[in-house]
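Before I ask anything, here is the structure I am working with.
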Amino acid sequence: MSNLSNQLAQSQQHTAVAASSVKGLMNSASVQKRMNEVMGKNANAFTSSVINLVNSSQQLQDVDAMSVVSSAMVAAALNLPVDPNLGYMYIVPFREKNKETGQWMKRAQPQMGYRGYIQLALRTGQYKAINASVVHEGEISNWDPFSETYEVGERTSDKVIGYVGHFELLNGFQKTTFWTVEEMDAHRKQYSKSGNYNGQRSGVWKSNFDAMAIKTVIRNLLSKWGILSIQMQEAVAKDEKPQSFDPETGEITQDPKWVDGTEETSDAEDGPIDNIDPELAKQADEYFKNQDAGESQEA
């Protein structure tokens, strides 16, 4: 057998082992019990989507199976799909070090996309509008952070100079924020261990800086000034942190044995940045449409 054939066979074997481990855990009685409690009639569909994700993702091969399940349980608790094409929630593998043994291995972490934060905000029913966007050179000038005003101009180049976020509540309260690229990069260096390798951008911060910047603007905007539902608080607390799911108690907690890895092994991206229409976001995919239809029938 040729080297190429051997490599292909090994790859297929790793895929089968990883998918089998995750499938076994996801279909275990304790996990299914908790899944049914959290997701009800959608539990089987969600379980299948997690197994299909592992089957189709080369990045999730050789990842600790329980960490995949723990990350999936965070998504289930937030009622967000894990399909990366939708951009609500990602299961992202990292190389992480065990504090107790000193050994490195691949573990998964839940990572919210900016669309996930918007979805959680819209579920409160308190937002009239919510938006975030990249800002190119010439589009904004004379930003005043105290009055939250700026002058709108015409784009003069494709150079990105910053990121703007805005929301308005039904009661009339509004908030606008603007971050320069330099401010965003400083934030990345200070708070994102996985996105900072010797001071340089790494991981998704390197492959899709704009998407991560948009997410940061929205998360900061909502967590500081928005209406925080229980789900939103949970999302902020667990986003991009290793989680541990206890099948006996059904609790999801941050695992103290692990530290954030320095090397992200996923190339997950949030996709192109577009202005976000709340009505379109509210009906973004069939996942939510089917769920809403089911709830109305039960009522």
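Counting begins at 1 with the first residue of the sequence. Just so it is clear, the values below take in all heavy atoms, side chains as well, and ignore hydrogens, waters and symmetry mates.
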*According to the interplanar angle, ranging from 0 to 90°, do the rings of Phe173 and Phe167 count as parallel (below 30°), tilted (30 to 60°) or perpendicular (above 60°)?*
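Plane angle between 30° and 60°, so tilted.
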*asked:* If you compare all heavy atoms of Leu222 against all heavy atoms of Ala121, which two are closest, and at what distance to 0.1 Å?
replied: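 Of all heavy-atom pairs spanning Leu222 and Ala121, the closest is CD1-CB, 4.0 Å.
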*Do you know which two heavy atoms are closest between Asp158 and His136, and how far apart they sit?*
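In terms of heavy atoms, the two residues are closest at O-CD2, 3.3 Å.
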With a 3.5 Å cut-off and sequence neighbours excluded, list the donor-acceptor pairs that the side chains of residues 43-50 form with protein atoms.
from	atom 1	to	atom 2	distance (Å)
Thr47	OG1	Gln32	NE2	3.0
Thr47	OG1	Ala43	O	2.9
Ser48	OG	Asn44	O	3.1
Ser49	OG	Phe46	O	2.6

*Residue pair Asp210 / Tyr163, side-chain donor-acceptor N/O under 3.5 Å*: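 Yes, a side-chain donor-acceptor pair sits under 3.5 Å.
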*Does any N or O in the side chain of Ser57 come within less than 3.5 Å of the main-chain N or O of Val54, such that one atom is a donor and the other an acceptor?*
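Not a single qualifying donor-acceptor pair exists.
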*Using the rule that two of Ile, Leu, Val, Met, Phe, Trp, Tyr join whenever any of their side-chain heavy atoms come within less than 4.5 Å, decide whether Ile214 and Leu86 are in one cluster.*
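Yes, Ile214 connects to Leu86 through the hydrophobic network.
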*Under 3.5 Å donor-acceptor, Tyr127 side chain and Ile227 backbone*: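 The answer is yes, because a donor-acceptor pair under 3.5 Å joins these two groups.
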_So which atom in Lys215 and which in Met112 form the shortest heavy-atom distance, rounded to 0.1 Å?_
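Answer, listing the atom of Lys215 first, then Met112: NZ-O, 2.8 Å.
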*Side chains of Met184 and Phe209: closer than 4.5 Å at any heavy-atom pair?*
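Side-chain contact under 4.5 Å: yes.
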*asked:* Is any side-chain heavy atom of Ile118 closer than 4.5 Å to one of Ile218?
replied: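 Answer yes - side chains close enough.
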*asked:* Distance check, rounded to the nearest 0.5 Å: Leu80 atom CG versus Tyr117 atom OH?
replied: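 If we round to the nearest 0.5 Å, Leu80:CG and Tyr117:OH are 10.5 Å apart.
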*asked:* Quick check: do Arg34 and Met73 have side-chain heavy atoms less than 4.5 Å from each other?
replied: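 A side-chain contact under 4.5 Å exists here.
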_I'd like to know if Glu148 and Lys175 make a salt bridge, using a cut-off of under 4.0 Å between side-chain N and carboxylate O._
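A salt bridge links Glu148 with Lys175.
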*Measure the shortest side-chain to side-chain distance between Tyr90 and Val82 over non-hydrogen atoms and say whether it is less than 4.5 angstrom.*
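Tyr90 does not reach Val82 side chain to side chain.
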*In chain order, what residues pass the ring pair (Phe, Tyr, Trp, His ring centres under 6.0 Å) check against His187, with sequence neighbours excluded?*
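His187 satisfies ring pair (Phe, Tyr, Trp, His ring centres under 6.0 Å) with Trp179, Tyr191 only.
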*Is a side-chain N or O of Ser67 found less than 3.5 angstrom from the main chain of Ala108, in a donor-acceptor match?*
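Flag set: sc Ser67 to bb Ala108 pair under 3.5 Å.
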_Check: Val69 and Met26 side chains under 4.5 Å, non-hydrogen atoms_ =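 Yes. Closest side-chain heavy atoms under 4.5 Å.
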_Does atom OH (Tyr150) have a neighbourhood of more than 12 heavy atoms from anything else shown, all under 6.0 Å?_
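Not buried by this count: 12 neighbours or fewer within 6.0 Å.
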*So, for Leu60 and Pro93, which heavy atoms are closest and what is the spacing to 0.1 Å?*
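Looking at all heavy atoms of both residues, the shortest contact is CD2-CD, 3.9 Å.
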